[in-house]
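First the structure, in the form of structure tokens, and then the observations on it.
Chain naming here is simple, since letters A, B, ... match the order of the sequence lines and numbering starts at 1 in each.
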Amino acid sequence: MKTLATLLRREYQENRAGFLWTPIVVGAVFTLLTLIGLATAMVKGPKAGLVIDGVPVSELVDRLGPSELAKLGGGIDVALGGLWALLQAALYFVVLFYLLGALFDERRDRSVLFWKSLPVSDAKTVLSKAASAVFVAPLIAWAVSAAFGLVFLVVLSVYALWLGLNPVTAIWGPASPLSVFAVTLAMVPLTALWSLPMVGWMLLCSAFARQRPFLWAIGVPVLVGLMLAWLGVLRVFRDGAEFYWQHVFLRLTTSVVPGNWLWFDGSGGLDFDPGTGSLATTLLDGAGALVTNPATWIGAVVGAALVAAAIEVRRRVSE
Amino acid sequence: MSAVITAENLRKQYGRKGTLALDGTSFRVEAGRIVGLIGPNGAGKTTALKAILGLTDVEGRLDVLGLDPRRERERLMEQVSFIADVAVLPRWIRVREAIDYVEGVHPRFSRATCERFLARTEVKPAMRVRELSKGMIAQLHLALVMAIDARLLVLDEPTLGLDILYRKQFYQSLLEDYFDADRTILVTTHQVEEIEHILTDVLFIRHGRIVLDAAMDAIGERFAEVMVGPGEREAALALAPLSERQVFGKSVFLFDGADPMRLAALGERRQPGLADLFVAMMQRPETAAGAAR
């Protein structure tokens, strides 16, 4: 336990810029854009004391029916989800390059000789790197997105006050930040399960590439896909290429993106209508589809095998 | 005395038709010794060390502290410390973080000891390795390693690229603050003169074979250096010297196991320096070198 904590802390210390500062910068940019948008609205939009259709703005929310309030809350939730999605996009690149460097950089600077001079097995080392990619970095990104989500709601509340609205009834009542935070937190273990093939593949490339692990990690799957497409043209392997791009290529190169298993069932992504469903049910339906999908478990087995291969390659590397 | 390392018939080939880095290498290292593994570049020194540390697979029987390094590296490294040349500490890490890490993963590490060693140096906890000079990095690495209660310390060119002050200090610290009867040190270096006085044993390795395996005490008895004037040169050559070199118009001969009485007749006998002995052994034809064991 102590060893695991030490290994995870070491990964964090080396990658603080990606794990912590990247999400904070993205969150700060989101907040800044929100502030600019609201400042513009304060200059050009409705003013406090404005009367719309005979109703003062300050009483507007009190007159909304339940379904309209739900829409208002859903809209705010979608904004919170958007903030989270923005951080996830940044996190994708952080995790991709973290994994590609995880077993490559230590060989390039020869520090692998230092790490291997200590009583830590290759399996523990590699697993700690996998865990950093699927748990540590995503949990930090989640915490940062939740923190900036609260900042966003506070900023909205100030704007509501300026309009003469009560922030409790206009913002905090209709929106459901806690369920957004809970759902996005629940995405972390689900994504970890789904993304094992990508984690294993990237670690393996990182462990064996003598130069440029990125080219191996992306180039090999692209070449295989092009070869299959060519065979498809020759009608030797008719539907293979399409299946390959969807189930192998995307899985190996993008599966750390939360919810990307939804791309695989033909629905094409989150189909969320703030008026009709809650974000929570939409995402959790996706989770149900995930654990009942055989592709999840086939991928998990392949991913575990790739991680095991990365461990073996690291064991053999001597410099 | 118990053996810390037993190597029997180690064999390692790089590539299918590549050179043999180890070619039937056999040796033992006993506890409480300081052993120098000395050989030219490409002789198999580093491969032998890597095999001992479980960093590379080799054929043959290899036992280090009762463990098989190939399969039990994790357990082995609780008892074995290792310094490759100075440049292997990760450059991004802070001194404090490096200490935290070793403390977190090593059951036999003493933080207090490490901090005591570092207090004597200019190395500060908040510094990053990339901000340290080469000498300071070596001091940090040595402090980390000396704070580990290990039974075997393996040093592979530990002072490469350091200036002479740091080199002297490095070995002095090892002798004064670390080495004792329960510990064993195995060291490779090109700077033979520098470690000559601290070694208890030497292993010469050439083309993957051990060509000399001797205690330093025994070297003085077995090998002799005699300076001979031009008149006695023929008599000296008759004793089949290992090597001859010219100094101020006289010849300095190095003998292996020659009759002490006959040597005394030639001139004053001295113990050869390790560097001269090394050069002499490496320049002999291969078969003769093998027979010298």
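The pair B:D57-B:K12 does not count as a salt bridge, with every side-chain nitrogen at least 4.0 angstrom from each carboxylate oxygen.
When each of A:L118, A:L4, A:T3 is checked for heavy-atom pairs under 4.5 Å with chain B, A:L118 comes out on top. Per-residue heavy-atom pair counts under 4.5 Å with chain A were compared for B:R70, B:R73, B:E78, and the maximum is reached by B:R73. Ranked by non-hydrogen atom pairs under 4.5 Å with chain B, the options A:E106, A:K124, A:K2 are led by A:K2. The most heavy-atom pairs under 4.5 Å with chain B, out of A:A123, A:S111, A:P119, come from A:P119. Most heavy-atom pairs under 4.5 Å with chain B, from the set A:D109, A:D122, A:D105: that is A:D122.
The aromatic ring centroids of B:Y101 and B:H106 lie 6.0 Å or more from each other. If you look at A:F152 and A:F30, their ring centroids are closer than 6.0 Å. Aromatic ring centres of A:W216 and A:F208: separated by under 6.0 Å. The distance between the ring centers of A:F114 and B:F82 does not fall below 6.0 angstrom.
Residues B:I83 and A:S117 form no side-chain contact, since every pair of their non-hydrogen atoms from C-beta on lies 4.5 Å or further apart. Counting heavy atoms from C-beta on, the side chains of B:T159 and B:L162 come closer than 4.5 Å.
Only the backbone of B:V80 comes within contact range of chain A, with heavy atoms under 4.5 Å apart. For B:L76, no part sits under 4.5 Å from any heavy atom of chain A, backbone or side chain. Interface remark: B:L53 contributes no atoms to any contact with chain A (heavy atom separation under 4.5 Å). A:R16 touches chain B through its side chain: at least one heavy atom from C-beta onward sits under 4.5 Å away, while N, CA, C and O do not.
For the 3.5 Å distance criterion, the side chains of B:N9 and B:S26 fail to qualify, holding no donor opposite an acceptor. When only modelled atom types and interatomic distance are considered, A:T184 and A:W142 share a side-chain donor-acceptor pair under 3.5 Å. Inspection of the B:E59 and B:Q13 side chains reveals no N or O donor paired with an N or O acceptor under 3.5 Å.
Among the residues in residues 108-130 of chain B, none has a non-hydrogen atom closer than 4.5 angstrom to a non-hydrogen atom of chain A.
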